[in-house]
Amino acid sequence: MNAFFSILVPIIVGYVLGAIPFAYLFGRLKGLNILEHGSGNPGTANAFRVLGKGFGFAVLFFDFGKGLLAPYLATQFALWYEPGLMFWASLGDGDLVLPGILAAASTILGHARSIWLSFKGGKSVACGVGTLFGLDWRVGLIVALIWGGTLAVSRIFSVAALVAIPLSIPCMLFFHRPTGSGNYSWLYLLLLCLLGTVYIVIRHQSNIGRLLRGEEPKI
């Protein structure tokens, strides 16, 4: 029962945080329904296009922040609720892995399928980068720098996402190589990055089509 409860809480915490639709809320502050403007997507990219730079950066900050916060809260709960629970793999420096991974995955799901927006949502790029920071700041920083650099050069959000997010896979593997000690935390982290990359590509199918046709809008 203890293990089940400490699995359930990170999932719930992650989903609840992820489901907060900051792009929609900031759009309402500006008197707009972001679901009815631009691409209709309640995410960071559409917020920049529809709401402008000020609100766009605010949405970026809060979407990133909820992705960062969820793994931290889940890990702290696991440490408080069951400090001696051996079910969780450890990174070797005292941080618990599995609660953070569960929270990260459910945060991304909550952002993409928000209960407050009839299960609509954004494409989880800013939120996803935040979860990477929450799990390993080194990987998060590298991916964020690549994302920002690619965006600065291409001025296309989808290109930045499709270049940066897949690189989380080799980065996570580099920092969490198998040790042969029976610690499988690297495998959990790598699986999350693999699934996240597949998810991002699927969510950007329409963008990929527009890129191939040369029709993807720039900022």
Side-chain angles (χ1 to χ4, degrees), residues 2-19 43 63-64 66-79 81-82 85-113 121-147 160-205 208:
N2 286 353
F4 175 77
F5 189 65
S6 51
I7 288 173
L8 185 63
V9 169
I11 292 174
I12 293 174
V13 168
Y15 181 83
V16 169
L17 278 174
D63 280 353
F64 172 87
K66 67 185 181 183
L68 173 64
L69 187 60
Y72 173 79
L73 291 178
T75 300
Q76 292 305 305
F77 170 79
L79 286 168
Y81 181 71
E82 193 67 36
L85 194 64
M86 298 304 294
F87 176 76
W88 308 117
S90 173
L91 283 172
D93 55 6
D95 292 332
L96 300 180
V97 177
L98 205 49
I101 289 176
L102 292 171
S106 57
T107 302
I108 292 170
L109 177 63
H111 182 80
R113 294 289 182 262
K123 296 180 179 178
S124 306
V125 176
C127 177
V129 174
T131 65
L132 290 175
F133 264 92
L135 293 170
D136 188 317
W137 68 269
R138 299 165 299 183
V139 176
L141 180 61
I142 292 171
V143 172
L145 289 174
I146 294 170
W147 180 86
L162 291 168
V163 169
I165 297 299
L167 292 176
S168 65
I169 299 171
C171 288
M172 195 66 81
L173 189 57
F174 175 79
F175 288 112
H176 301 284
R177 289 187 291 269
T179 62
S181 62
N183 186 336
Y184 295 102
S185 61
W186 66 272
L187 184 58
Y188 304 141
L189 292 164
L190 186 61
L191 181 60
L192 176 68
C193 292
L194 282 167
L195 293 176
T197 296
V198 171
Y199 167 79
I200 290 295
V201 171
I202 291 174
R203 290 285 286 169
H204 283 79
Q205 279 185 317
I208 293 171

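Side-chain atoms are counted along with the backbone in the values below, which use heavy atoms only and exclude waters and symmetry mates.
- Residues C127 and T107 share a closest heavy-atom pair of SG-CG2, 3.4 Å.
- Contact annotation: the side chain of L132 approaches that of M172 to within less than 4.5 Å [non-hydrogen atoms, C-beta and beyond].
- Residues meeting the ring-ring contact (aromatic ring centres under 6.0 Å, His included) test with Y199, sequence neighbours left out: none.
- To the nearest 0.5 Å, atom CG of residue L192 and atom CG of residue L135 are 6.5 Å apart.
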I would like to know whether V198 and L194 meet side-chain contact (heavy atoms from CB on, under 4.5 Å); could you show each step before the answer? CA-CA 6 Å; V198 171; L194 282 167; 5.7 Å; no
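- Using modelled atom types, one finds a donor on one side chain and an acceptor on the other under 3.5 Å when comparing H111 with K66.
- Within a 6.0 Å sphere centred on CZ of F175, heavy atoms belonging to other residues, nucleotides or ligands number more than 12.
- The nearest pair of heavy atoms linking A126 to D63 is CB-CB, 4.0 Å.
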Mind running side-chain contact (heavy atoms from CB on, under 4.5 Å) on V129 and F64 for me, showing each step along the way? CA-CA 7 Å; V129 174; F64 172 87; 4.1 Å; yes
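- Rounding to the nearest 0.5 Å places NE2 of H176 at 10.0 Å from CG of L173.
- Distance CG/L190 to OG/S168: 8.5 Å, rounded to 0.5 Å.
- Between G14 and S106 the shortest heavy-atom distance is CA-OG, 3.3 Å.
- Atoms OG1 and CG, from T131 and D136 in turn, are 11.5 Å apart once rounded to the nearest 0.5 Å.
- Under the 3.5 Å distance criterion, the side-chain polar atoms of R113 are left unmatched by any main-chain donor or acceptor of I108.
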Tell me, with the steps shown, if L162 and H204 meet side-chain contact (heavy atoms from CB on, under 4.5 Å). CA-CA 8 Å; L162 291 168; H204 283 79; 4.1 Å; yes
Would F174 and V139 satisfy side-chain contact (heavy atoms from CB on, under 4.5 Å), going step by step from the backbone distance to the final call? CA-CA 9 Å; F174 175 79; V139 176; over 6 Å; no
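- Nearest heavy-atom pair, A103 versus A70, reported as atom, atom and distance to 0.1 Å: CB-O, 3.6 Å.
- We find the CG-OH distance between L102 and Y188 to be 10.0 Å, quoted to the nearest 0.5 Å.
- P99 and A74 make their closest contact through O-CB, 3.4 Å (heavy atoms, listed as atom of the first residue, atom of the second, distance).
- P166 and T197 make their closest contact through CA-OG1, 3.5 Å (heavy atoms, listed as atom of the first residue, atom of the second, distance).
- One finds the CH2 atom of W147 at 14.5 Å from the CG atom of L167 (value rounded to the nearest 0.5 Å).
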